[in-house]
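Working notes for the structure below.
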Amino acid sequence: MKSENTSFRGGPLDGRVLPVLLGPTGHPPKWYEVPVPDADGGPATVYAYRRTPAGYSKRLGLQRGWVYEYAPEGRERFAPKWPWTRRRSGS
């Protein structure tokens with residue numbers, strides 16, 4: 001499996017660069033979750049990081065890679081919106 005050194009911004013991993021496994025498309029996952037165990041034996045705290053573009057080149061506007069930014073609100077849950085489950089207005 002391929003991996004890419006990806007930097008982290010914000011949160012407990014601020015400034016660190018970690019190798020992140022790449023998916024079949026060659027991109028790292030959209031979300032990176034870091035579970036941190038509790039010192040007292042309680043439930044682990046999970047820190048969530050969202051993948052964002054690291055920047056763009058000046059001349060051609062090409063993307064320069066990825067960076068993970070801390071998301072204090074946690075991971076956003078995705079629920080597909082199917083057209084046949086939509087409420088109909090009127091009768």
Side-chain angles (χ1 to χ4, degrees):
M1 302 267 321
K2 285 188 172 184
S3 65
E4 179 179 293
N5 290 334
T6 309
S7 61
F8 288 78
R9 293 185 188 158
L13 295 179
D14 189 26
R16 293 192 185 183
V17 177
L18 299 174
V20 176
L21 291 176
L22 302 178
T25 60
H27 297 289
K30 291 183 181 181
W31 288 92
Y32 191 83
E33 293 179 343
V34 181
V36 178
D38 189 33
D40 299 330
T45 305
V46 178
Y47 296 107
Y49 287 86
R50 180 185 308 116
R51 181 186 72 184
T52 57
Y56 297 94
S57 66
K58 273 185 172 180
R59 191 169 193 159
L60 297 176
L62 300 174
Q63 187 175 331
R64 292 192 172 181
W66 300 101
V67 69
Y68 281 107
E69 291 184 356
Y70 179 62
E73 68 278 358
R75 185 174 179 172
E76 299 168 1
R77 298 294 172 198
F78 174 75
K81 295 182 172 90
W82 304 105
W84 54 84
T85 59
R86 188 172 27 181
R87 285 189 144 173
R88 295 179 187 243
S89 59
S91 53

### Summary
For Val67 and Thr6 the tightest heavy-atom approach is CA-CG2, 4.1 Å

### Task
Using the salt bridge (charged side-chain N to carboxylate O under 4.0 Å, His left out) rule, collect all pairs that involve residues 37-48, keeping only residues at least two apart or in two chains.
none

### Task
Is it possible for you to say whether Leu18 and Tyr68 belong to one hydrophobic cluster, with membership spreading through side-chain heavy-atom contacts below 4.5 Å?
yes

### Sequence-distant partners of Tyr56, ring pair (Phe, Tyr, Trp, His ring centres under 6.0 Å), two or more places apart
none

## Note on the structure
To the nearest 0.5 Å, atom CG of Leu13 lies from atom OH of Tyr49 at 4.0 Å

### Message
Please enumerate all residues that pass side-chain contact (heavy atoms from CB on, under 4.5 Å) together with Pro72, with sequence neighbours excluded.
### Response
Tyr70

### Minimum heavy-atom distance Ser3-Pro19, with the two atoms named
OG-CB, 4.2 Å

### Query
Got a sec, which pairs hit side chain to side chain donor-acceptor pair (under 3.5 Å) with one end in residues 25-36, sequence neighbours left out?
His27-Trp66

#### Entry: Qualifying salt bridge (charged side-chain N to carboxylate O under 4.0 Å, His left out) pairs, either residue in residues 7-18, two or more places apart
Arg9-Glu69

### Task
May I have all residue pairs that pass salt bridge (charged side-chain N to carboxylate O under 4.0 Å, His left out) and include part of residues 45-65, sequence neighbours excluded?
Arg50-Glu73, Arg50-Glu76

